[in-house]
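This report concerns only the one structure given below.
Lettering of chains follows the sequences in order, A, B, ..., and the numbering in each one begins at 1. The figures here come from the full heavy-atom set of this structure, side chains too, leaving out hydrogens, waters and symmetry mates.
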2 protein chains.
Amino acid sequence: MATMHDVANLAGVSLSTVSYALTGVRPVSEKTRARIQAAMDQLGYQRNAIARSLASRRTHILAMLFPAIERGLSGTALEFVTSAAETARERGYHLVLWPVNDQEGHETRELLQQGLADGALVMEVRLDDPRVALLHEVGTPFTLIGRTEDPDTLHYADIDFETTVRDALDHLTALGHRDIALLSHSRASLDAGYGPTVRVGAAFERYMTERGLSVVVRHCDESADAGRIATAGLAASHPRVTALMTMNDAATFGAMAELLERGKRIPDDMSVLSIVSSPRVGALSHPRLTTMSAPGTELGRLGVTSLIAQIEGTGATALHTLIPCRLDVQSTTGPARLPMNHTP
Amino acid sequence: MATMHDVANLAGVSLSTVSYALTGVRPVSEKTRARIQAAMDQLGYQRNAIARSLASRRTHILAMLFPAIERGLSGTALEFVTSAAETARERGYHLVLWPVNDQEGHETRELLQQGLADGALVMEVRLDDPRVALLHEVGTPFTLIGRTEDPDTLHYADIDFETTVRDALDHLTALGHRDIALLSHSRASLDAGYGPTVRVGAAFERYMTERGLSVVVRHCDESADAGRIATAGLAASHPRVTALMTMNDAATFGAMAELLERGKRIPDDMSVLSIVSSPRVGALSHPRLTTMSAPGTELGRLGVTSLIAQIEGTGATALHTLIPCRLDVQSTTGPARLPMNHTP
DNA sequence: TTGTACGCGTTATCAA
DNA sequence: TTGATAACGCGTACAA
């Protein structure tokens, strides 16, 4: 590949003039600029990204920290990654994937300290996420996709779980449901302080309690079988439940299968509302699932934009954005009828 | 951050000795090595990735080229990306996402010529993919995930569609099916020479013809609605069909919904076999879908491994690997019964 | 076994 | 408006 040196020679100017013509940091006369441009075209010149990074101390690389394996990245995560990568591209940045899962953060710290990335996008955030302290210590700008327990001093974009749960339950109660159960993520994720599990659980409890309704929660793993088992247990212990709020696609489908096999009609005997999901997933079920769709694309775009703003020192205001899931009413929610297990 | 210079000073040795201690390219006495190690520990030293790249002319960055938007990356793609990123990490490489979709390849070429990536992983490969020529021209090592029409001189890992289709149809014919229809990707993807669409179509036609069975193919977009419409059309035009081979998750679920609404029982009236899918997706349906799962994880691992081998000049043999999808028999395939629309 | 010095391709400072 | 030239931090011939 041609270097700036080659361009300078061919154009008959100094190396620094070529650089300035490119960066625009200092004025260059129209004539020499034209000569330089001609030389660059002739040589098919492209600036070397690595050399630029070394000299400018800015790599234009953003790292995405995602502890992948845990629950097997969901479809929403894919939307998010795609959106983040595209936004980065548009702004002249690159997104690298760091599927690191170290508890002590040794590997993460090493990666950060290599200086490859200008900033980090932190995924799968827990309430007491140790990566926050790590990133502060290393001095890497970062934006959380999710948030810790007390994130006021941090930059974050997250799902507004409180509003999402309220909207979900408003939808169900407006249909007359009063016995509503939450089918949540695994208990392990709750114990780990995984944001969505904790916040949805808390919001659910608050909402139901405020209205004098009983709080029924079942935790289950990300699998159809786990969903079936949890639903079977629910049918036994809480036969009056008429609506299920779920937040776990695989389990949701398992739950519906179990209901159907028990002769329950959806939504006549049981309404099912899947939050933190997507219409695309909802369209897979029959009858079509009423969902509340996670704003993956928006979060990706916002997170990257905020991170770049931090890195470049522009956009002074911190990112503190919460976006609720959007309700897409389809065919699995309907008026409350008879309680579960009730046979007239 | 501390530099090698700092380490050398603290350890009382020359800069190059530190470098050699780190790379191991030339022997360093045990004593000095220990002093250097102590200095590094004390300073929390990490080598600067960018400076290393500039000096060694190797970035340890792999670029993943994915024209994302087209059909909206599938669940399999996510598996693939995760696996590729993890494999790269294990080998000390980084995976950057380049969601570039330019027909003329201008942006792709510019990116490549910046010298950021040591090599490229090419996704969504078409039979006459122009990126192959581009990559050759630029001189960037690459591995295809997929393959062109005549890929013998290239490195690739792809799904073995021929075997997959044969296994799928063997499964169906063994159950007695003779009237089998293929529900494929969109016609646009076929016209664009998208590998999976073309190869599955060709294999299907060959297999069926060889056995004297009629070839029925329907193309439809990646949506449940498209699947329903295609299935409705099929019911009208080919009522004798008793088995559906699909390769498009959303459409598959749409097709099943349409069948159920028409009062068809699955698999009693119609078997459904979804190829290039996954058991995870299959578990979402009720009854559970018989699938043939795409080897996303394996392809990701193989692709990255091959690419690194090319870059590092090791592993002389070219990667020419085809992996068939694995059959997971569940509840949507069963013995052939009466033809569709037949009412005794 | 160790040290010196040059090169990697830019950016940015200092002069002119 | 332009030109030298010193960083940037490390890898590696060449010398000792």
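- Two residues are said to be in side-chain contact when any heavy atoms from C-beta on lie closer than 4.5 Å; Val96(B) and Leu62(B) fail this criterion.
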Shorter than 3.5 Å, N or O on both sides, protein versus nucleotides 14-16 of chain C: list them out with atom names.
none

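- The NE2-P distance, from His5(B) to dG3(C), rounds to 14 Å in whole Å.
- When each of Ser16(A) and Pro27(A) is assigned the nucleotide of DNA chain D with its nearest heavy atom, Pro27(A) is the one assigned upstream, toward the 5' end.
- Side-chain nitrogen and oxygen atoms of Ser56(A) include none within less than 4.0 Å of the OP1 or OP2 phosphate oxygen of dT11(C).
- Asp6(B) places a side-chain N or O within donor-acceptor distance of the main-chain N or O of Thr3(B), the cut-off being under 3.5 Å.
- In this structure, Leu54(A) places its CG atom 12 Å from C1' of dG7(C), rounding to the nearest Å.
- A residue-by-residue look at Ser19(A) and Thr17(B) shows that Thr17(B) has its nearest nucleotide of DNA chain C further toward the 5' end.
- Counting only N and O atoms by type, the side chains of Thr108(A) and Asp102(A) include a donor and acceptor under 3.5 Å apart.
- The CZ-C1' distance, from Arg35(B) to dG3(C), rounds to 14 Å in whole Å.
- With respect to the salt-bridge test (charged N to carboxylate O, under 4.0 angstrom), the residues Glu312(A) and Arg58(A) do not qualify.
- Heavy-atom nearest nucleotides on DNA chain C were determined for Val13(B) and for Tyr45(A), and the one closer to the 5' end corresponds to Val13(B).
- The side chain of Ser29(B) approaches dT2(C) more closely than any other nucleotide in the set dT2(C), dC8(C), dT10(C).
- As judged by a 4.0 angstrom heavy-atom cut-off over every strand, Val18(B) is placed among residues making no nucleic acid contact.
- Ser53(A) comes within 4.0 angstrom of nothing in the nucleic acid, heavy atoms only.
- Interface limits on DNA chain D: the 5'-most and 3'-most nucleotides within less than 4.0 Å of chain A heavy atoms are dT1(D) to dG9(D).
- Across all strands shown, Met4(A) has heavy atoms under 4.0 Å from base atoms, whether or not it also approaches the sugar-phosphate.
- Computed from coordinates, the Asp6(A) CG to dG9(C) P distance equals 9 Å when rounded to whole Å.
- In this structure, His155(B) has its ring center no closer than 6.0 Å to that of Phe142(B).
- With hydrogens and angles ignored, the 3.5 Å screen pairs a side-chain donor or acceptor of Thr305(A) with a backbone N or O of Arg301(A).
- One atom, NE2 of His60(A), and another, P of dT10(C), lie 15 Å apart when rounded to the nearest Å.
- Around NE2 of His320(B), the count of heavy atoms belonging to other residues, nucleotides or ligands within 6.0 Å exceeds 12.
- The side-chain contact (heavy atoms from CB on, under 4.5 Å) test with Tyr93(B) singles out one residue from Leu307(B), Thr59(B), Ile311(B), Thr87(B), and that residue is Ile311(B).
- Contact of the Tyr45(A) side chain with the Leu10(A) side chain is not registered, since no non-hydrogen atoms from C-beta on lie closer than 4.5 Å.
- Protein atom CZ of Arg57(B) is 6 Å distant from nucleotide atom C1' of dC8(C), rounded to whole Å.
- Contact check on Glu107(A) versus Arg89(B) returns a salt bridge, with a Lys/Arg side-chain nitrogen under 4.0 Å from an Asp/Glu carboxylate oxygen.
- As rounded to whole Å, 16 Å separates atom P of dG9(C) from atom CG of Leu22(A).
- Using a 4.0 Å heavy-atom criterion, one finds that Gln114(A) contacts no nucleic acid atom at all.
- As a whole-Å value, the separation of Leu15(A) CG from dC8(C) C1' is 13 Å.
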